[in-house]
Enquirer: 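My questions will all concern the structure given below.
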Amino acid sequence: FIPSGCAAAVHVYFPDPWWKARHKKRRVLNEAMLADTVRVLQPGGKLHFWTDVQEYYETTIELIQRVTPLVGPTPVPEPGA
């Protein structure tokens with residue numbers, strides 16, 4: 001429902017990590033969602049992804065690098081730092 005190339009950014013904050021191995025296929029950040037993200041982003045658009053689960057972060061970064069042309073991760077300074 002979202003037109004191609006219309007978004008400056010896509011934000012995904014603290015998605016459910018689906019801890020058990022058999023449930024990981026339910027994670028929101030998967031190949032299909034990333035393909036849609038790339039499709040709706042304008043040239044130079046960004047995906048903002050935040051999680052507090054290290055394993056989810058690492059596997060998602062690997063997936064993003066493997067299946068998309070997106071660049072990152074970009075360091076984000078801590079508030080007050």
Side-chain angles (χ1 to χ4, degrees):
F1 297 112
I2 301 173
S4 298
C6 70
V10 172
H11 296 252
V12 181
Y13 296 116
F14 302 97
D16 190 331
W18 290 102
W19 297 99
K20 294 180 181 177
R22 70 176 187 254
H23 294 159
K24 288 185 180 179
K25 63 185 175 204
R26 297 179 181 162
R27 288 181 170 180
V28 71
L29 287 160
N30 57 41
E31 287 188 32
M33 188 272 192
L34 291 171
D36 276 338
T37 297
V38 170
R39 180 186 61 78
V40 303
L41 285 174
Q42 300 168 351
K46 299 186 185 303
L47 168 62
H48 297 275
F49 161 59
W50 292 68
T51 180
D52 53 357
V53 178
Q54 187 69 30
E55 182 272 336
Y56 197 0
Y57 172 79
E58 291 168 357
T59 58
T60 301
I61 292 299
E62 290 171 8
L63 179 64
I64 290 168
Q65 291 173 345
R66 190 173 77 245
V67 303
T68 78
L70 299 173
V71 178
T74 304
V76 178
E78 292 287 330

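The structure presented is a predicted model; accordingly, all values stated were derived computationally and were not measured. Along the sequence shown, residues carry numbers from 1.
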Enquirer: Any chance you could pull the hydrophobic cluster mates of Ile64, using side-chain heavy atoms under 4.5 angstrom and chaining through other members?
Expert: Ile2, Val10, Val12, Trp19, Val28, Leu29, Met33, Leu34, Val38, Val40, Leu41, Leu47, Phe49, Val53, Tyr56, Tyr57, Ile61, Leu63, Val67, Leu70
Enquirer: Please, which pairs that meet salt bridge (charged side-chain N to carboxylate O under 4.0 Å, His left out) have at least one residue in residues 1-10, sequence neighbours excluded?
Expert: none
Enquirer: Would you list the pairs meeting salt bridge (charged side-chain N to carboxylate O under 4.0 Å, His left out) in which at least one residue belongs to residues 62-74, sequence neighbours left out?
Expert: Glu31-Arg66
Enquirer: My understanding is that only residues two or more places apart in sequence, or in another chain, count here; which of them pass side-chain contact (heavy atoms from CB on, under 4.5 Å) with Lys20?
Expert: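 By the side-chain contact (heavy atoms from CB on, under 4.5 Å) rule, Lys20 matches Arg22, His23.
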Enquirer: Any side-chain hydrogen bond (donor to acceptor under 3.5 Å, both in side chains) pairs touching residues 6-17, not counting sequence neighbours?
Expert: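 Only His11-Tyr13 qualify under side-chain hydrogen bond (donor to acceptor under 3.5 Å, both in side chains).
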Enquirer: Evaluate the side-chain proximity of Pro73 to Gln65: yes if any heavy-atom separation is below 4.5 Å, no if none is.
Expert: yes
Enquirer: Name all residues meeting the side-chain hydrogen bond (donor to acceptor under 3.5 Å, both in side chains) criterion together with Thr59; count only those two or more places apart in sequence or in a different chain, and write none if there are none.
Expert: Arg27
Enquirer: For the OG1 atom of Thr74 and the NE2 atom of His48, what is their distance to the nearest 0.5 Å?
Expert: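 Nearest 0.5 Å value for the OG1-NE2 distance: 9.0 Å.
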